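Just so it is clear, the model here is predicted, and its values are computed rather than measured. Letters A, B, ... are given to chains in the order of the sequence lines, protein chains preceding strands, and every chain is numbered from 1.
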Amino acid sequence: MSIAGLIERVGAFVLDGITDLGDFVLFLIYSLLFIFLPPYKPRLWIRQIRIIGAESIVLIGLIGAFTGMVLGLQGYNTLDRFGAAGALGTLVALALVRELGPVLAALMVAARAGSAMAAELGSMQATEQVDALTVMAINPVQYLVAPRMLAGIVSFPLLTTIFDVIGIYGGFLVGVGLMGASKGPYFSGIASNMDSHDVAIGLWKSFVFGVIVMWVCCYKGYNAQRMATGVSRATTEAVVLSSVLILAFDYIIGAILL
Amino acid sequence: MATNATTSNGLRPNEIEVRDLCRRFGRQEVLQHLDLGIPRGQITTIVGPSGCGKTVLLKHLNLLLRPDSGAITIDGVEVTRLGNRALDAVREKFGMLFQAGALFDSMTVYDNIAFPLVEKTNLKHDEIAERVHETLAAVGLDGMEGKFPSEMSGGMQKRAALARALVRRPKILMLDEPTTGLDPTRTGAIHELIRTTQQNFGLTVVMVSHDVPAVFAISDRVAFLNHGQTHLHGTVDEVMAAEDAVFKRFLAGRAAGDDDGASLAG
C-alpha cells in the first residue's frame with residue numbers, strides 16, 4: 001500500500017470515528033431536549049417507567065438482599081478480627097449507598113431492560129417501523145427515545161434506593177441475626193456515621209447511570225444494522241458499553257464528589 | 001419552485017416531478033441525474049433490476065433520504081431544501097406502504113390504523129373509530145380490529161398496512177414492493193385492491209415492484225430504471241412496445257426467474 005493510500009485510510013478511519021462520536025452525542029442532546037418539548041405523552045412515560053422501573057423491582061430487591069447478606073457475612077467476619085463488629089451497620093450502609101447500590105442496580109437494569117430496549121428498537125428499525133413513524137410526520141426520537149430517557153432518569157434513583165434499603169436489611173439479617181453482631185449499634189452506627197452527602201453521592205450516580213444506560217441502549221438499538229445479526233450485535237454492544245461506562249463514571253463521580 | 005407548466009384547470013400535470021436527482025453512498029453513485037414525472041391520479045410503477053436505485057428513489061420521494069443534488073417537487077412544492085417542520089407538512093399529503101408492512105407489532109390492527117389519526121389529528125374518539133372501521137372495510141378487513149399483526153397472514157398484514165396508509169385520506173400513495181413474500185393468488189388480490197383503492201380514492205400511486213410483468217396489468221405508466229437513471233418511461237403500452245434491448249433482456253430475465261440482482265449493461 002502506498003503512503004498516500006495509508007494516509008487516506010487512516011484519515012477516513014479518524015473522520016468516521018469523529019462522525020460517529022458526534023452522532024452519539026447529538027443523540028443524547030436530542031433525547032434529553034425532546035423530554036421538554038411538546039407534544040407531551042404521559043401515557044408513554046408511564047408505560048416506560050413501568051417497563052424499566054416497576055418490572056425491575058423484584059430483580060433489584062433480590063440482588064440487593066443478597067448483596068447486603070454477603071456484606072453482612074464478610075463484613076462481620078473481617079471486623080470481628082479487629083474487635084470492631086459494632087461498625088458493621090456503617091460498613092454495610094456506606095458500601096451500599098455510595099458504591100454498590102447505584103452500580104449494581106444500574107448493571108442489573110442495563111442487563112434486563114437496556115438489552116430488551118436495544119433489541120426492540122433494533123427490531124423496529126429492521127422492520128421499517130421507525131421509518132413508518134417518520135413518514136407519518138412523527139419524530140421517532142421524540143416518540144421512542146425521549147420517554148425511555150425520562151423513565152430511566154426517574155426509575156434509576158428509585159430502584160437504587162430500594163436496592164440500598166433491602167441491602168441494609170439483608171446485612172442486618174445475616175450480621176445480627178445469624179452471626180451474632182449487636183442489634184443496637186447496627187442502626188445507630190448508620191444514623192451517626194452516614195450523612196446526606198453519602199446519600200447524595202449515591203443518588204447522583206444513579207441519575208447519571210440512568211442517563212448512560214438509556215442513552216447507550218437506545219442509541220445502539222436505534223442505529224442497529226437492518227438485519228437479524230445487526231439486532232443481536234446492537235444488544236450485546238449496548239450492554240457491554242453501558243457496563244463499561246457505568247464503572248468508568250462510578251470512578252469519575254466518586255473522585256469528584258469524594 | 002414549480003418545475004413544470006400548469007394545465008388548463010390550473011393543476012400541474014405531474015403530482016411529483018424529479019429533476020436531475022443524484023445520490024451517492026460512499027463511492028457508489030446510486031442515482032445519476034435521474035429525471036421522472038409522476039402524473040396525477042394514475043398508477044406509476046417503477047421497475048428495474050436489483051441495485052438500479054428503485055428503493056433509494058422511493059426513499060427520496062417519501063422524504064426519508066435527501067439527495068446530494070437535484071430537485072423533487074411534490075404537489076407544487078420543492079421539497080429537497082425544506083426544514084423538518086415544512087417536510088412534515090408535505091408528508092401529510094401521502095401514505096406509505098412499506099415492503100414488510102411496518103405495522104407496530106405491539107399494537108392491535110385497530111390501534112395501528114388509528115395511530116396516525118390519534119397522533120396527528122384532533123378527531124374525537126368516535127370519529128376515529130368510524131374512520132378506522134370504514135378504512136378496514138375498504139381493504140376487506142372488517143372484523144379484524146382486535147388482532148395483532150403476528151396473528152395475521154402476510155396478505156392480511158399488507159391489507160392492514162394499506163389501511164393505515166389510507167386512513168388519513170392522502171393524495172399520494174407510495175408502495176414499496178407491496179406483494180413481496182405473497183403467493184400468486186394473494187399477489188393478484190393485492191394488485192386488484194391497489195387498483196380499486198386508487199380509483200375509489202382518486203389517488204396518485206407510485207409503486208416499486210419486482211412483480212413484472214404481472215404488475216403492468218394494474219399500472220397506467222411504467223418507469224424502467226437502470227444504473228440509477230430513468231431508462232424508459234411511458235404508458236404501459238408504450239414501454240412494452242419499445243424496441244429496447246436492455247428492457248427486453250430485463251423482462252426475459254424476470255420471466256426466467258433471474259433474480260440475481262445484477263444491473264443490466266446498456
Enquirer: Looking at A:Lys41, I want to see if its NZ is surrounded by more than 12 non-hydrogen atoms of other residues, nucleotides or ligands under 6.0 Å.
Expert: yes
Enquirer: Got more than 12 heavy atoms from elsewhere within 6.0 Å of CD, B:Glu130?
Expert: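 Open.
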Enquirer: In terms of heavy-atom proximity below 4.5 Å to chain A, should B:Asn84 be classed as side chain, backbone, both, or neither?
Expert: neither
Enquirer: Near A:Arg233 CZ, under 6.0 Å, is it more than 12 heavy atoms from other residues, nucleotides or ligands?
Expert: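 No.
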Enquirer: Could you tell me which residues in residues 13-27 of chain A have at least one non-hydrogen atom under 4.5 Å from a non-hydrogen atom of chain B, sorted by residue number?
Expert: none
Enquirer: Within a radius of less than 6.0 Å around CD of A:Glu8, do more than 12 heavy atoms belonging to other residues, nucleotides or ligands occur?
Expert: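 Atom CD in A:Glu8 is not crowded, with 12 or fewer foreign heavy atoms closer than 6.0 Å.
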Enquirer: Heavy-atom count around A:Tyr30 OH within 6.0 Å, excluding the residue itself: above 12?
Expert: no
Enquirer: With a 4.5 angstrom heavy-atom cut-off, which part of B:Leu64 approaches chain A: side chain, backbone, both or neither?
Expert: side chain
Enquirer: Does anything in residues 88-104 of chain B reach chain A? List residues with heavy atoms under 4.5 Å apart, or say none.
Expert: B:Asp88, B:Arg91, B:Glu92, B:Phe94, B:Met96, B:Phe98, B:Gln99, B:Ala100, B:Ala102, B:Leu103, B:Phe104
Enquirer: Which bit of A:Thr127 comes within less than 4.5 Å of chain B, counting heavy atoms only: side chain, backbone, both or neither?
Expert: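 Backbone only.
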Enquirer: More than 12 foreign heavy atoms under 6.0 Å from CZ of B:Arg195: is that the case here?
Expert: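 Above 12, so yes.
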Enquirer: If you count heavy-atom pairs under 4.5 Å with chain A, which of B:Leu87, B:Asp105, B:Asp176, B:Asn62 comes out on top?
Expert: B:Asp105
Enquirer: If you measure from CG on A:Asp131 to NZ on B:Lys59, what distance do you get to the nearest 0.5 Å?
Expert: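 Those atoms lie 5.0 Å apart.
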Enquirer: Counting neighbours of CH2 on A:Trp45 that are heavy atoms of other residues, nucleotides or ligands and sit closer than 6.0 Å, is the number greater than 12?
Expert: yes
Enquirer: For B:Arg85, is it the side chain, the backbone, both, or neither that has a heavy atom closer than 4.5 Å to a heavy atom of chain A?
Expert: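 Neither part; nothing is under 4.5 Å.
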Enquirer: State the CZ-CE distance between B:Arg168 and A:Met136, to the nearest 0.5 angstrom.
Expert: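 B:Arg168 CZ to A:Met136 CE: 9.5 Å, rounded to 0.5 Å.
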Enquirer: Give a yes or no on this: more than 12 heavy atoms of other residues, nucleotides or ligands lie within 6.0 Å of atom CZ of A:Arg9.
Expert: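 No, because the 6.0 Å sphere around CZ of A:Arg9 holds 12 heavy atoms or fewer from other groups.
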